[in-house]
Amino acid sequence: MRKLTETWKNKRERGVALIFAIFTLLLISAIAASLVFMTNTETSVNKNYRGERVSAFGARSGMEEIRDRMALPTTNPQSLLNLLPGVLAGNPFLPGVFPPAPNSVLYVVNEGAAPGTVQPWVAGNAYMDDELCHDFVGIQALQPAPDVRCTTPPTAAMLVAGETAAAPVTSTYPWAGTSAAMTYKWVRVTLKQSGSNQSYPVNAGSPATQVCWSGSNEMLVNAPDLICQDNIDPTSLTVPPAIKSATPVYMITALAVSSAGTTRRMVQAEVAQPPAQPFNYGLYATSTACPALNFHGGGNSNPSTDSYNSKNGAYGSNGNQFFTGGSVGAIGGVSLSGHSQIGGNVGVQSLPGAGSQIPCPGGDYVTSGNQAGIFNPNGNNNPNPNVMVQLSQPPPSFPTPPDPSPMPTANSPQPTNPAVPGTYGAISTNGTLTLAPGVYNIYSLSVGGGNGAITVNPPGTVILNFPSTNTGTVISLAGQGIVNPTNIPNNFQINYGGTGTISIKGSASQYAVVDAPNSNLAVAGNGDFFGRLIGGTIDYGGNGTFHYDTATMLRPQNNGGFTLISYREITY
């Protein structure tokens with residue numbers, strides 16, 4: 001009986017091992033399938049992450065290419081090939097206004113081996129710029145939330161001159177134009193205004209206010225200038241030492257798409273050139289002659305200097321007159337005689353008593369007469385804000401003004417009177433020469449007679465360019481001298497790169513800017529001179545006062561690259 005029972009029990013358990021084996025096989029299969037699925041998922045995740053990183057770095061490479069190409073060219077021939085369109089000597093061609101204004105957006109495209117496919121300014125294009133409306137109001141009627149793409153592309157009018165679908169600005173990176181090109185598709189360059197980084201205004205400023213770079217922080221452009229390079233500290237409007245130099249901030253936005261088209265990344269950077277500090281000398285002589293700058297006169301009213309700013313009204317009005325800031329300097333030394341008084345700093349290479357004097361063995365600063373010297377607006381009290389200043393080493397230099405184009409010769413045509421802008425030869429008159437506003441290329445100019453004058457009518461800006469090939473007397477003005485009815489020095493400019501002579505005499509007030517860093521410049525007469533004077537040597541005589549208009553202040557050309565201020569990846 002027992003055997004039958006055990007046999008029956010054994011028969012009931014028959015096949016259990018098979019069930020466990022099948023179950024185990026299913027479990028192992030499930031685990032294997034899960035492992036395969038997880039491996040595939042991780043591979044896909046890694047592939048997507050890699051694609052995103054490649055696209056992000058591709059977008060950054062596009063940003064860095066354009067940041068490099070925004071800088072001024074060097075003498076390296078390759079740098080000339082990499083210029084952005086329309087770059088002239090010393091004048092990078094970058095947007096100067098904000099979207100949606102015309103000429104406000106610069107695109108550089110990288111189409112690889114598929115020319116004509118990347119047109120970010122075309123609605124419906126696979127690479128349409130659907131982010132621009134977040135950076136600037138007015139691109140489309142309603143500015144969407146940061147994570148919602150724009151529906152309106154930039155218009156053709158926004159593109160910079162010369163940039164069209166038929167001839168776009170293209171990448172110059174290695175392998176550009178081939179299937180091995182970098183993954184970025186386009187790079188956009190615009191100015192930055194407060195609010196361009198959506199929801200993050202600069203200093204809580206108006207969205208329409210331009211953003212400038214001070215060298216350490218972003219700041220809003222100040223009124224009344226509204227130009228970054230002329231930014232003025234509003235707490236001290238016109239005192240020259242308070243003038244801040246700033247530069248515009250540009251936004252560089254780049255889109256990259258993976259080769260498979262599965263990942264898209266967008267990056268954005270803010271860049272600006274380091275500010276070049278303004279040049280604080282209104283009278284400056286570049287020659288090493290001793291002295292290169294000579295102040296002298298007769299009587300008890302010898303030449304003197306002070307400063308003002310024409311952007312804040314007429315000289316002397318509303319306190320627009322300063323007995324500081326009328327600074328003078330010379331590489332070859334300064335000589336003051338009689339009652340000559342400098343209402344500002346005096347810049348020389350070697351300070352008095354500081355060992356050997358270079359380049360003038362007798363001293364880079366020489367005075368003769370009891371009253372000659374640096375004026376102290378505090379009287380006998382200290383401190384005197386006007387002091388001797390040692391020039392930087394090497395001393396500041398200025399680019400030679402380029403020759404006019406077309407080049408005038410002595411036999412070029414004579415102008416009518418009144419004259420219109422154009423190219424003229426050796427002009428000589430004993431009367432009044434009237435010039436219409438514009439640019440004049442002139443071989444030489446002589447105006448004499450007691451009532452002789454050169455005047456502008458109707459009021460406006462006149463620029464006189466003289467060829468460096470004329471090394472004789474290039475300009476000789478007497479009588480009333482320069483009559484500038486606007487009383488704004490920047491509205492009458494004289495440019496000369498040669499080593500000839502410029503003589504400006506006049507009994508009336510003259511408002512002008514003279515940039516002739518290699519010339520022998522002489523100013524005389526009893527009339528005051530308002531503006532800026534740069535020559536090789538400068539001889540300033542008579543009894544008139546030189547009023548340095550700080551609105552004409554020079555800023556050295558900045559050939560440096562653009563500093564990366566900020567960098568971010570945009571949710572896209």
Does the ring-ring contact (aromatic ring centres under 6.0 Å, His included) test come out yes or no for Y443 and F466, once each step is laid out? CA-CA 6 Å; Y443 184 76; F466 295 87; 9.1 Å; no
Could you check if a side-chain atom of I427 sits within less than 4.5 angstrom of a side-chain atom of L433, using non-hydrogen atoms only? yes
Heavy atoms of Q480 and A508 approach each other most closely as OE1-CB, 3.4 Å
Donor-acceptor pair, T429 side chain versus G431 backbone, under 3.5 Å? yes
Partners of T461 by side-chain hydrogen bond (donor to acceptor under 3.5 Å, both in side chains), sequence neighbours excluded? N491
Looking at residues at least two apart in the chain, or sitting in another chain, which of them share a ring-ring contact (aromatic ring centres under 6.0 Å, His included) with Y440? none
Shortest non-hydrogen pair, P517 vs P401, comes out as CD-CD, 3.6 Å
How close do S304 and T545 get, heavy atom to heavy atom, and via which atoms? OG-OG1, 3.1 Å
Please report the closest heavy-atom contact between V387 and N345, naming both atoms and the distance. N-OD1, 2.9 Å
Which heavy-atom pair separates M219 from S214 by the least distance, and what is that distance? SD-CB, 3.5 Å
Kindly state whether the ring of F530 and the ring of Y315 have centres lying under 6.0 angstrom apart. yes
Please check if atom CG in N451 has more than 12 non-hydrogen atoms from other residues, nucleotides or ligands closer than 6.0 Å. no
Quiz question: by atom type and distance under 3.5 Å, do the side chains of T409 and N411 form a donor-acceptor pair? no
Are F98 and S104 close enough, and set up right, to give a side-chain contact (heavy atoms from CB on, under 4.5 Å), and what steps lead you there? CA-CA 5 Å; F98 303 106; S104 58; 5.7 Å; no
Any side-chain heavy-atom pair of N495 and L464 under 4.5 Å: no
If you take the centroid of each ring, where Trp contributes its six-membered ring, are F279 and Y284 closer together than 6.0 Å? yes
Locate the shortest heavy-atom distance separating S317 from N312; write the atom from each residue and the value. OG-O, 4.5 Å
Ring centres under 6.0 angstrom apart (F322, Y308): no
I need the full list of salt bridge (charged side-chain N to carboxylate O under 4.0 Å, His left out) pairs touching residues 496-521, with sequence neighbours left out, sorted by first then second residue. D515-R532
Y540 vs F546 aromatic rings, parallel, tilted or perpendicular, using cut-offs 30° and 60°? perpendicular
Which residue in the set D549, T550, N487, T552 passes side chain to side chain donor-acceptor pair (under 3.5 Å) when paired with S310? D549
Test V474 against T501 for side-chain contact (heavy atoms from CB on, under 4.5 Å), laying out the working first. CA-CA 6 Å; V474 179; T501 298; over 6 Å; no
Hey, mind stepping through N520 and T537 against side-chain hydrogen bond (donor to acceptor under 3.5 Å, both in side chains) and telling me if it holds? CA-CA 5 Å; N520 297 309; T537 62; 2.9 Å; yes
Can you tell me if N318 has over 12 outside heavy atoms packed within less than 6.0 Å of its CG? no
Do N280 and S327 get their side chains close enough for a donor-acceptor pair, meaning under 3.5 Å? no
